Undergrad: 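I'd like to ask you about the structure that follows.
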Amino acid sequence: MTAATVPDITTLRIGVLCAGNSPERPGSLSNGEQAAKALTHAGLTTDLIDLADTPLSSLRNRFDVALLGVHGLGGEDGKIQGALEIRGIPYTGSGVLASALGMHKPTFKKLLVQAGIETPAWIVIDPKTSVESTLSAVRYSLGFPAFVKPSSGGGSLAAGIAHDEAQLRTMIEATKDDPYCEYMVEEYVQGIPCTVGLIEVEGHLVTLPVHDVESKNEFYDYEAKHDPDLRVEHCPSVLPDTLTQNLQMLARRAFDLLGAHGVLRVDFLASFHHRTTVLEVNTLPGLSERGSLATMARAGGIPYPDLMQHLVRTAFTKPGYLP
Ligand SMILES: Nc1ncnc2c1ncn2[C@@H]1O[C@H](COP(=O)(O)OP(=O)(O)O)[C@@H](O)[C@H]1O
Ligand SMILES: [Mg+2]
């Protein structure tokens, strides 16, 4: 990281890229608006761009740096990153390879296993395999309850618990013709949903305080993520220090393992009595002022407008070659 090469961002036009056609479009649009507003109030020049109605070919001379507020497929999976690289436009967050690896949960989980970091056991549902053989694989390798989710999803969309074989059969059948295409089944792990954010500040990677959530729903589902009445959040976490320190250490290891850049959020299920496991990584955490990244940053002494500016600067601290 070479902080010295970061230009004065007050002289730049910042394109806040958001929305597009991903399933996470609504949240992304609102996040982009909040980020653009905070940067504008801080005296910076911003341009809010909805990727659904803006062809990438028109972006080159519109702004100097892209603040990525996109999520999910087509946004967080390396494709936008590749398109921006080819056009020579600096952008925030990870490069193409880390974005793609981070988006595909089964692939990143293989890296975790190789590194000896706990993650729930899983199988990928192969659409060419019969429902019966998937059921028997889950019965013998994972057991019930089991957790079903898209391999490249986000926001708990299309995720759920299968308490028994009958429910799993229904869920597998429902995955057909789904835009997420590939689904996975994980062993069900009992634990408190926690997340840890990491952000580069002036050339140094800062590990933010742990954020934990008690969901009033059966798990931390889409509804609980969008309705504050359905969850109780703590940041800094109320979990014991030894546990939160372990989560922060694992988050840093996950950052290095992925080869992430600038920012990352690592999601866990944490428990003293059971196991602490890494669920997944988010290479473009939500930019919302009330979202978990901004909440962790505030708890770590970084106000929201500063967080957005630190993020913009990370576009200029990538190594010369980033796969
Ligand atoms: N294996 C699992 N066992 C139990 N709950 C899970 C499991 N995987 C995910 N969940 C629940 O679903 C939520 C979202 O899962 P996550 O893997 O982070 O996917 P997303 O990309 O949708 O955020 C978690 O916070 C947790 O509540
Ligand atoms: Mg998650």
Side-chain angles (χ1 to χ4, degrees), residues 22-24 27-28 70-73 75-77 99 101-109 112-113 117-125 138 141-163 167-168 171 175 178-180 182-198 210-227 230-234 237 239 247 250-251 254 258 263-271 273-286 288 291-293 295-296:
S22 122
E24 296 179 57
S28 170
V70 278
H71 306 298
L73 288 176
E76 206 169 345
D77 59 1
S99 302
L101 286 172
M103 188 75 215
H104 193 245
K105 291 181 170 76
T107 304
F108 185 61
K109 284 163 71 75
L112 291 171
V113 170
I117 300 175
E118 280 247 26
T119 187
W122 78 98
I123 59 162
V124 170
I125 301 177
V138 171
S141 63
L142 307 178
F144 288 93
F147 200 88
V148 181
K149 55 187 164 186
S151 294
S152 301
S156 294
L157 280 161
I161 301 172
H163 293 93
Q167 282 186 358
L168 183 59
M171 289 165 93
T175 63
D178 186 284
Y180 285 108
E182 187 185 277
Y183 276 74
M184 60 195 282
V185 189
E186 273 186 348
E187 67 171 317
Y188 179 84
V189 173
Q190 196 104 44
I192 299 158
C194 290
T195 194
V196 178
L198 303 114
V210 176
H211 179 278
D212 74 58
V213 182
E214 291 164 40
S215 171
K216 295 189 179 164
N217 284 354
E218 200 179 17
F219 70 99
Y220 193 25
D221 61 7
Y222 181 84
E223 203 191 14
K225 284 183 179 176
H226 289 86
D227 182 350
L230 292 176
R231 61 174 192 258
V232 181
E233 298 174 69
H234 307 107
S237 170
L239 296 169
L247 293 172
L250 287 169
L258 184 68
V263 66
L264 189 71
R265 230 194 60 220
V266 186
D267 288 354
F268 298 89
L269 286 173
S271 167
H273 309 295
H274 303 275
R275 296 154 50 203
T276 288
T277 60
V278 175
L279 286 179
E280 57 132 3
V281 285
N282 301 278
T283 47
L284 290 178
S288 141
S292 53
L293 180 71
T295 303
M296 289 184 278

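For ligands, and for the atoms within them, numbers begin at 1 and follow the listed sequence. Computed from a predicted structure; not experimentally measured. Excluded from the calculations below are hydrogen atoms, water molecules and symmetry mates; all remaining heavy atoms, backbone and side chain alike, are included.
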Undergrad: Which heavy-atom pair separates Asn217 from Ala224 by the least distance, and what is that distance?
TA: ND2-N, 4.1 Å
Undergrad: What part of Pro193 sits under 4.0 Å from ligand 1 if we count only heavy atoms: the side chain, the backbone, both or neither?
TA: side chain
Undergrad: Below 4.0 Å, non-hydrogen atoms only: which portion of Phe147 touches ligand 1? Side chain, backbone, both or neither.
TA: side chain
Undergrad: Which residue and atom name correspond to the protein heavy atom nearest atom 17 (O) of ligand 1, and how close is it?
TA: Lys149 NZ, 2.7 Å
Undergrad: For Leu73 and Met103, work out which heavy atoms get closest and say how close.
TA: N-CE, 3.8 Å
Undergrad: Show me which atoms of ligand 1 lie under 4.0 Å from any heavy atom of Tyr188.
TA: 3 (N), 4 (C)
Undergrad: Check each atom of ligand 1 against the heavy atoms of Phe219 and keep those under 4.0 Å away; list them by number with element.
TA: 11 (C), 12 (O), 27 (O)
Undergrad: Applying a strict 4.0 Å limit to heavy atoms, is Ala159 in contact with ligand 1?
TA: no
Undergrad: Considering the heavy atoms of Tyr220, write down every atom of ligand 1 situated less than 4.0 Å from one of them.
TA: 13 (C), 25 (O), 27 (O)
Undergrad: In terms of residue, atom name and distance, what is the protein heavy atom nearest to atom 14 (C) of ligand 1?
TA: Ser156 OG, 3.3 Å
Undergrad: For ligand 1, which atoms sit closer than 4.0 Å to a heavy atom of Lys225?
TA: 14 (C), 23 (O)
Undergrad: Give the atom numbers and elements of ligand 1 that come within less than 4.0 Å of a heavy atom of Lys105.
TA: 17 (O), 19 (O), 20 (P), 21 (O)
Undergrad: I need the minimum non-hydrogen distance between Ile192 and Val213, along with the two atoms involved.
TA: CG2-O, 3.6 Å
Undergrad: Counting only heavy atoms, which portion of Glu218 has something under 4.0 Å from ligand 1: side chain, backbone, both, or neither?
TA: neither
Undergrad: Check Asp267 and report its N/O/S atom nearest to the Mg ion (ligand 2), by atom name.
TA: OD2
Undergrad: For Val210 and Leu247, work out which heavy atoms get closest and say how close.
TA: CG1-CD1, 3.9 Å
Undergrad: For the side chain of Glu214 and the backbone of Val232, is there at least one donor-acceptor N/O pair under 3.5 Å apart?
TA: no
Undergrad: Between Lys105 and Glu186, is the closest basic N to carboxylate O distance under 4.0 Å?
TA: no
Undergrad: Do Phe144 and His163 have side chains that get closer than 4.5 Å, going by heavy atoms?
TA: no
Undergrad: What's the shortest distance from atom 20 (P) of ligand 1 to any protein heavy atom, and which residue and atom give it?
TA: Glu280 OE2, 3.5 Å
Undergrad: Does some side-chain heavy atom of Ser152 sit less than 4.5 Å from a side-chain heavy atom of Asp77?
TA: no
Undergrad: Purely on distance, is any nitrogen or oxygen of Glu186 under 3.5 Å from one on ligand 1?
TA: yes
Undergrad: Counting C-beta onward and ignoring hydrogens, is there a side-chain heavy-atom pair between Pro150 and Leu157 closer than 4.5 Å?
TA: no
Undergrad: Where is the tightest heavy-atom contact between Ser151 and Tyr183, given as atom of each residue plus distance?
TA: OG-C, 3.7 Å
Undergrad: Between Phe147 and Tyr188, how do the two ring planes meet: parallel, tilted or perpendicular, split at 30° and 60°?
TA: tilted
Undergrad: Taking all heavy atoms of Asp212 and all of Ser237, pick out the closest pair and write down the distance.
TA: OD2-OG, 2.6 Å
Undergrad: Answer yes or no: does an N/O atom from Asn282 fall short of 3.5 Å to an N/O atom of ligand 1?
TA: no
Undergrad: Which of the numbered atoms in ligand 1 are below 4.0 angstrom from a heavy atom of Gly155?
TA: 20 (P), 22 (O), 23 (O)
Undergrad: Backbone or side chain, does any N or O of Val189 fall under 3.5 Å from an N or O of ligand 1?
TA: yes
Undergrad: Among protein heavy atoms, which sits nearest to atom 24 (C) of ligand 1, and what does the distance come to when rounded to 0.1 Å?
TA: Leu279 CD1, 3.7 Å
Undergrad: With respect to the Mg ion (ligand 2), what is the nearest N, O or S atom of Glu280?
TA: OE2
